[in-house]
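Accompanying notes for the structure given below.
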Amino acid sequence: MNCARVVPMKTRHVFVLAALLMSLAACGGKSTLSSGGNTSPIAGSASNVATAVVNAGPSGDVNTMFTSVTICAPGSTSNCQTIDNIEIDTGSSGLRILASALTANLPIQTDGSGASLAECTQFVSSYSWGPVALADVTIASETAASLPVQIIGDSNFATVPAACASTGSEEDTVQAFGANGILGIATEAQDCGTDCAQSAAYGFYYACTTASNCVPVTLGTASQLQNPVTYFATDNNGVIIELPSVTATGAESLTGALVFGIDTESNNASSNTATVLPVQVGTGYLTVSLNGTSYSQSFLDTGSNGYYFTDSALTQCTDSDASGFYCPSSTTSFSAIACAYQDSGSCTGVAQETFSFSIANADTLFASNAAYTAFPTLGGSFPTASTVDLGLPFFFGRNVYEAFENKSTSKGSGPYYAF
Amino acid sequence: MLSTRASMIRRLAPAITLAVSAPLWVTTAQAALGAPYASIAGDQATLGASIKATAHAGYTVHELTLPSGTVVREFSAVNGTVFAVAWNGPSKPNLSQLLGNYFNDFVTTAQTTPGGRNHVNLSRSDLVIQAGGHMRAFFGRAYLVGSVPAGVSSDELR
């Protein structure tokens, strides 16, 4: 979400910036809740708790969650820096930093023949291009040592391969990316996994003999980008995302917690009322039953800024400010069931949890308070009829447990979500 | 660069059964959204590629499976015009080639829509583009509103 690039949105961003300047204290850690908070408690400061905030970020986004990370060259205690405005994304794996936000000098990784490794990171609408480096990454007080990370938009790798550029819009600057980096904590341990170890056809990894001569290569899983949490020495089996609830009209900003580990510390015990929903390995799919239809390729994704699903009864917004979102004439409520993944795609015979949500008119929401960045009722259409994308609003007001693949917890093995 | 990537895939071809369709996809003047589909017959014969075609009332779906496992569907009308394309799979296809003249609309929408990295929603009177998903699971479709055959619902174009 990069509202700042929409010309008509600029007025809105001025308000957002002004509001932020006037409330720096609030942005520093105090929640600006306009309602009674989470029904579940939000963890306080601890060695395994990173602060998670929802605010406009560097380019005026809505429903985007950020944290900060400290990066050091491997083994160094001086070649380090702390970087804020790092988006927390459960829809991807790996830590990626925009080169313009990076001052620490990190070693670029090479393949067996000495060629530099680079990645064309594919997002739905865009790509981000840059080399793979190693770093010691500390979040809260947990460290991932010698973690492969991507440096996006590195000027030493200025030539984007044509096959990469043909996949979408380029997001190689902070303004375009809407963050100083992205912390990918999907259920998958790597961003590509065994697929990219066996075939270069996925177009993720490249070997560069010069800055302008990069060819697709296979890359072993150990060298690929990794979910950083899985590299922690402890508290590495999953995370809990804890955000406050938000009133229907929205909130200026939110402060919550990204808690590392499930049932590994006194502050991350899994709730007895949370239903464990195993998801498909590799895709994170579960099934959502909505209006009598089973959407068998559904998923939870903090990197999506709304609820995305096909509903022809919901009107599309026409105003450019809210382009791409739903704009129903009146707020529409939905009752849905999230179910554990099974190949049949049905909810029969598997664990399930009922939840409800609403879709409001995005144009009205945005117009009502230009300084707001957290909206619980944003939604938009999805290209297929098999997915309900439970974006960041789904996480408002409920603690969501996410267990990683190949990791065990007291509630079972990952990958699963529980809420 | 396309030829570089294609040669890479060709080297892999003996080991990957599906790779036979890859050179077709990445190197030829592929039928793209709004273009005639006729050219693909020649490509198909030359390269020995297999494409699964399914006839529906008013249109034909040509389904290509890429080496990555990503599936691309092209919808051609009786007059041969590709009026819709759709994709899903673990990596994105060459959208520049697939969308042809409309790739710029995809890029511009991605840059200007408040839909984020994980969404594209363009709903114009002449063109609809939708994309969604996340890493390892990409979905998208595009269709030319005015070229959709009479009686065909947009719900079928996925």
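Letters go in sequence order (proteins before strands), and every chain restarts at 1. Since the structure is predicted, the reported quantities are computational estimates derived from the model, not experimental observations.
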Partner chain A: residue of B:A142, B:G133, B:S123 with the largest heavy-atom pair count (under 4.5 Å): B:G133
side-chain contact (heavy atoms from CB on, under 4.5 Å) partner of A:S166, the single match among B:L95, B:N94, B:L98: B:N94
Axial cation check for A:Y202 ring with B:R136, 6.0 Å and 45° limits: no
Where B:V120 and A:S125 come nearest, the two heavy atoms and their spacing: CG2-CB, 3.3 Å
Donor-acceptor contact below 3.5 Å, side chain B:R117 vs main chain A:S126: no
Distance, nearest 0.5 Å, that separates OG1 of A:T384 from CH2 of B:W87: 12.0 Å
Winner by heavy-atom pair count (cut-off under 4.5 Å) against chain A, out of B:G132, B:S96, B:P90: B:G132
Which atoms of A:T310 approach chain B - backbone, side chain, both or neither, heavy atom under 4.5 Å: side chain
Segment of A:T387 engaging chain B (4.5 angstrom heavy-atom cut-off): side chain
Side chain, backbone, both or neither of A:Q280 within contact of chain B (heavy atoms, under 4.5 Å): neither
Heavy-atom donor-acceptor pair, A:D191 side chain to B:M135 backbone, under 3.5 Å: no
Nearest non-hydrogen partners of A:S169 and B:Q111, listed with the distance: OG-CG, 3.2 Å
Heavy-atom pair of closest approach, residues B:F138 and A:F123: CE2-C, 3.6 Å
Part of A:A186 within contact of chain B (heavy atom distance under 4.5 Å): neither
A:T121 portion near chain B, given a 4.5 angstrom heavy-atom threshold: side chain
Criterion side-chain contact (heavy atoms from CB on, under 4.5 Å) on A:D389 and B:H119, from CA distance to verdict: CA-CA 10 Å; A:D389 173 355; B:H119 296 280; 3.0 Å; yes
Closest approach of A:G324 to B:N121 (non-hydrogen atoms, all atoms of both residues): O-ND2, 3.1 Å
Shortest non-hydrogen separation from A:F382 to B:Q130 and the atoms involved: O-OE1, 3.8 Å
Portion of A:F299 that has a non-hydrogen atom of chain B nearer than 4.5 angstrom: side chain
Enclosure of B:N101 CG (heavy-atom neighbours >12, cutoff 6.0 Å): no
Per-residue contact mode, A:C192 against chain B (heavy atom under 4.5 angstrom): backbone
Region of B:F106 in contact with chain A, defined by heavy-atom distances below 4.5 Å: side chain
Minimum heavy-atom distance B:S91-A:A201, with the two atoms named: OG-O, 4.5 Å
Candidate pair A:D301 and B:N118, rule side-chain contact (heavy atoms from CB on, under 4.5 Å), full reasoning: CA-CA 9 Å; A:D301 178 19; B:N118 288 338; 2.9 Å; yes
Which portion of A:A165 sits near chain B, non-hydrogen atoms under 4.5 angstrom: backbone
